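Below is one structure, written out as structure tokens, with a few remarks after it.
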Number of protein chains: 2
Amino acid sequence: MASQTEENYLKALFNLANEQGEISATDLSSILQVSTPTVNSMVRNLSEQGLVNYEKYKPISLTAKGKREAALVIRKHRLTEMYLVEKMGFGWEMVHEIAEQIEHIKSPVFFDRMDELLGHPTVDPHGSPIPDKNGKIIWKAYQKLSDCKPGDTVKLSALTHSSEDFLIFLNSKKLNLGVHIKIESIEKYDGSMTISYLKKHREVISNVVCEKLLVEKVKS
Amino acid sequence: MASQTEENYLKALFNLANEQGEISATDLSSILQVSTPTVNSMVRNLSEQGLVNYEKYKPISLTAKGKREAALVIRKHRLTEMYLVEKMGFGWEMVHEIAEQIEHIKSPVFFDRMDELLGHPTVDPHGSPIPDKNGKIIWKAYQKLSDCKPGDTVKLSALTHSSEDFLIFLNSKKLNLGVHIKIESIEKYDGSMTISYLKKHREVISNVVCEKLLVEKVKS
DNA sequence: TTAACTTGTTAGACTAATCTAACTTTATAA
DNA sequence: TTATAAAGTTAGATTAGTCTAACAAGTTAA
Ligand SMILES: [Mn+2]
Ligand SMILES: [Mn+2]
Ligand SMILES: [Mn+2]
Ligand SMILES: [Mn+2]
């Protein structure tokens with residue numbers, strides 16, 4: 001069974017692959033906060049276990065088996081986050097750190113029970129999809145708020161990044177998942193948007209923020 | 001902060017001290033399933049941290065600081081077991097293994113939240129006391145069922161040992177904590193007891209079992 | 001197309017936690 | 001009271017995961 005460290009490498013590889021395609025030792029090194037020689041030796045180890053494709057000086061990738069393993073760790077992480085929010089009353093900005101540890105618990109029944117108590121959720125508290133028990137992920141086709149036009153009404157459904165700082169910022173603006181947002185206008189100069197939501201709440205949000213908000217068109 | 005391994009040693013030391021007083025390297029070795037040289041080097045390490053009193057060839061003991069640390073790990077273990085039973089619906093025979101892992105999660109708020117959701121419980125699902133946030137334990141003065149007399153009516157309140165096998169045995173006899181037991185008779189020869197409980201349920205249980213059941217006198 | 005920079009790899013070392021083999025101290029019992 | 005057994009310690013090795021320093025390969029840009 002994969003160690004805690006190995007599971008963290010698999011997750012990092014999986015996430016990087018979905019953000020960039022090509023993965024370098026340097027990327028892993030900066031995400032996992034370890035030196036490149038450390039990455040190098042772990043990648044060789046994972047490669048020997050058939051989880052990673054490795055050839056000297058070539059970009060790193062997960063094998064099919066590695067992808068599945070990674071997705072199952074991510075499943076545990078996201079189920080945990082959902083459980084912490086829904087059943088234990090934690091805020092969405094607090095759960096990542098705890099889930100980072102609990103995801104490594106070796107007990108299938110524990111995660112199965114969470115899944116059951118939650119009613120088999122398909123997304124985590126940040127809107128990211130929860131892989132199924134076979135490691136399969138259903139990616140929903142969201143668009144960035146920054147790609148929407150004035151007059152559009154959309155539902156906030158997920159985030160591209162969910163750092164604690166960003167989540168606390170969203171809390172302060174009462175921008176929770178599920179909120180319906182009307183785009184009033186877009187400033188040409190810097191792409192900042194004036195939006196309204198929740199009984200005429202009106203805010204101006206920067207392009208940096210709009211880029212991180214994933215939305216669905218609302219049929220109305 | 002104490003590593004997972006260190007925390008497990010502290011717990012073992014704490015439990016052994018409450019069962020035997022004097023602790024030997026061999027005891028730790030057999031409980032933790034590691035060799036005596038391994039125990040030796042870890043005990044020296046804990047001693048350097050001021051958690052254990054160690055002198056060559058002398059029995060091992062926890063310092064005040066070590067006792068406190070140990071009790072706080074046991075607190076996390078028992079809160080977790082209680083949470084798993086009360087909030088997640090696990091049987092009392094399933095929770096020890098999972099708690100053995102979750103007890104090492106580094107997140108005070110996580111355990112505080114469990115404690116709060118459970119309403120600050122004082123005992124775990126096996127009747128063992130949960131140390132408070134300062135590591136203080138209140139030991140209740142239970143007696144063994146095997147020390148009771150025919151005619152006594154008692155409440156089953158705790159267990160001296162809670163191996164999975166024993167818990168499954170108790171399940172099969174419907175002997176749960178809180179059950180009121182009337183001692184009908186005791187067989188002189190082997191100390192086995194005929195007891196009745198739960199609407200005239202009548203059973204003969206061996207002395208081996210009676211020795212492991214902790215009860216309180218019922219005033220009636 | 002070659003020099004300079006960036007990225008990746010190798011070599012060698014370290015720490016925590018473990019082991020086995022060998023030795024020393026303490027306990028037991030003839 | 002001394003020989004034997006049991007318990008504890010030391011020495012030295014191993015594995016996973018990490019590091020730094022040095023070197024090699026690949027990329028970029030003059
Ligand atoms: Mn997360
Ligand atoms: Mn993790
Ligand atoms: Mn337990
Ligand atoms: Mn443990």
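Nothing here was measured: the structure is a model prediction, and the numbers come from that model. Just so it is clear: chains get the letters A, B, ... in the order the sequence lines come, proteins before strands, and each one is counted from 1.
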Within 45 degrees of the axis of the six-membered ring of B:Phe166 and under 6.0 Å from its centre: does B:Lys212 put its NZ or CZ there? yes
Under 3.5 Å, is there a donor-acceptor pair linking the side chains of B:Glu187 and B:Asn207? no
Near DNA chain C, under 4.0 Å by heavy atom, which residues of residues 30-50 of chain A? A:Thr36, A:Pro37, A:Asn40, A:Arg44
Kindly say whether the aromatic ring centers of B:His77 and B:His96 come within a distance under 6.0 Å. yes
Any ion pair linking A:Glu7 and A:Lys106 (charged N to carboxylate O, less than 4.0 Å)? yes
Is the shortest side-chain N to carboxylate O distance from B:Glu103 to B:Arg78 below 4.0 Å? no
For A:Ser35 and A:Thr38, which I'm curious about, is there any donor-acceptor pair between the side chains at under 3.5 Å? yes
Sidechain N-carboxylate O distance under 4.0 Å for A:Asp115, A:Lys133: no
Stretch residues 6-19 of chain B: residues that reach within less than 4.0 Å of DNA chain D through a heavy atom: none
Please give, in whole Å, the distance from C:dA16 P to B:Met1 CE? 16 Å
Rounded to whole angstroms, how far apart are NZ on B:Lys58 and C1' on D:dA7? 15 Å
Provide, to the nearest angstrom, the distance between the CD atom belonging to B:Glu55 and the P atom belonging to C:dT25. 16 Å
Please confirm whether the shortest side-chain N or O distance from A:Thr26 to OP1 or OP2 of C:dG8 is below 4.0 Å. yes
Can you give me the N/O atom pairs linking the protein to nucleotides 24-28 of chain D at distances under 3.5 Å, or say none if there are none?
from	atom 1	to	atom 2	distance (Å)
D:dA25	O4'	A:Tyr57	OH	3.4

Reckon A:Ser3 has a side-chain N or O less than 4.0 Å from the OP1 or OP2 of D:dG17? yes
Checking B:Asn18 against B:Trp139 for the side-chain hydrogen bond (donor to acceptor under 3.5 Å, both in side chains) test, could you report, in this order, the C-alpha distance in whole Å, the side-chain angles of both residues, the deciding distance, and whether it holds? CA-CA 11 Å; B:Asn18 290 326; B:Trp139 293 98; 5.2 Å; no
